[in-house]
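Below you'll find the structure, written out as structure tokens, and then a few comments.
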Amino acid sequence: MQTLNTFASDYDEIDFYVVSFNEDAATVSDYIAEHNYQGMIPAQPVGNMLADLEVTRQSSFMSLNAHGRILHRQTMGNAGEWPAYLDRLVTDPLAVPSQQEGQQQKEQRQMDMQLPS
């Protein structure tokens, strides 16, 4: 969240939801307030949300377009890449991932789901 906070305020037209499956939304809200993170909304996972979104790691970041389609998914890596995806959503709220991006995300989720031998 710390890195996200560095650029979230530049995107007033985008909602940033922080969902935790370890803490309830009130605890997350307190954490956000304590660290003075701007533009972040605490939320509770509902029903099968985590399974439906194929969350495979505790720290998963996603950008969803206006129809709820995932534009970008990241479980690790460089948070500095996010402004490019957020800029795409500002320009086109219905943006979708390129075929290559979609394939890379799928491969990463498959690797994330493999259990150690």
Side-chain angles (χ1 to χ4, degrees):
M1 277 196 288
Q2 184 177 8
T3 303
L4 177 62
N5 190 54
T6 62
F7 54 80
S9 62
D10 295 335
Y11 297 94
D12 291 336
E13 59 273 70
I14 294 179
D15 293 328
F16 293 90
Y17 292 93
V18 179
V19 179
S20 174
F21 52 83
N22 293 331
E23 292 97 9
D24 61 25
T27 302
V28 174
S29 180
D30 291 345
Y31 183 85
I32 290 169
E34 178 183 327
H35 290 85
N36 199 27
Y37 291 144
Q38 301 299 310
M40 296 184 205
I41 303 164
Q44 285 291 137
V46 177
N48 294 326
M49 183 180 92
L50 297 174
D52 291 345
L53 291 172
E54 298 178 356
V55 173
T56 55
R57 294 220 178 193
Q58 187 171 6
S59 293
S60 295
F61 305 91
M62 290 174 232
S63 60
L64 285 74
N65 71 14
H67 288 301
R69 184 160 180 204
I70 297 170
L71 170 63
H72 181 66
R73 172 192 306 265
Q74 185 174 330
T75 55
M76 300 170 24
N78 181 1
E81 299 171 359
W82 277 92
Y85 292 101
L86 299 174
D87 288 344
R88 282 176 60 191
L89 285 174
V90 169
T91 303
D92 178 9
L94 298 177
V96 295
S98 69
Q99 190 172 19
Q100 180 182 5
E101 289 170 325
Q103 183 62 31
Q104 288 172 343
Q105 291 180 36
K106 181 179 178 181
E107 290 170 6
Q108 182 64 53
R109 283 192 315 280
Q110 288 171 340
M111 286 184 349
D112 288 346
M113 290 188 293
Q114 292 176 359
L115 297 174
S117 51

Check your understanding: Hey, what do you get for CG (D10) to CG (L86), rounding to the nearest 0.5 Å?
Key -> 9.5 Å
Review point. Mind checking whether Y31 and P42 have side chains closer than 4.5 Å, heavy atoms only?
Key: no
Check your understanding: Is the number of heavy atoms from other residues, nucleotides or ligands under 6.0 Å of E13 CD greater than 12?
Key -> yes
Check your understanding: Is the CG atom of N48 crowded by more than 12 outside heavy atoms at less than 6.0 Å?
Key -> no
Check your understanding: Of all heavy-atom pairs between A95 and R88, which one has the smallest distance, and what is that distance?
Key -> CB-O, 4.2 Å
Review point. Roughly how far apart are H72 NE2 and E81 CD, rounded to 0.5 Å?
Key: 5.5 Å
Check your understanding: Do the side-chain N and O atoms of D30 and T27 include a donor-acceptor pair separated by under 3.5 angstrom?
Key -> no
Practice item. Answer whether the closest heavy-atom distance between the side chains of M40 and V28 falls below 4.5 Å. Key: no
Point to revise | Trace of the side-chain contact (heavy atoms from CB on, under 4.5 Å) decision for Y37 with F16 | key: CA-CA 11 Å; Y37 291 144; F16 293 90; over 6 Å; no
Check your understanding: Should H35 and N5 count as side-chain neighbours, where that means a heavy-atom distance under 4.5 Å?
Key -> no
Practice item. Examine V90 and V96 and state if one hydrophobic cluster contains both, with Ile, Leu, Val, Met, Phe, Trp and Tyr joined whenever side-chain heavy atoms are less than 4.5 Å apart. Key: no
Point to revise | From E101 atom CD to I70 atom CD1, the distance as rounded to the nearest 0.5 Å | key: 12.5 Å
Study note, to complete from the structure: Smallest heavy-atom separation, S63 atom then Y85 atom, equals OG-CB, 4.4 Å
Check your understanding: Would a hydrophobic clustering, with Ile, Leu, Val, Met, Phe, Trp and Tyr connected at side-chain separations under 4.5 Å, put L71 with I14?
Key -> yes
Review point. Which distance, rounded to the nearest 0.5 Å, do you find between the OG of S20 and the CD of Q44?
Key: 8.0 Å
Review point. Is F7 reachable from I41 through a run of hydrophobic residues whose side-chain heavy atoms are each under 4.5 Å from the next?
Key: no
Check your understanding: Is there a donor-acceptor contact under 3.5 Å from the side chain of S29 to the main chain of A25?
Key -> no
Exercise for review: Give the minimum heavy-atom separation between L64 and M62, together with the two atoms involved.
Suggested key: CD1-CB, 3.8 Å
Point to revise | For E23, all residues meeting salt bridge (Lys or Arg N to Asp or Glu O under 4.0 Å), sequence neighbours excluded | key: none
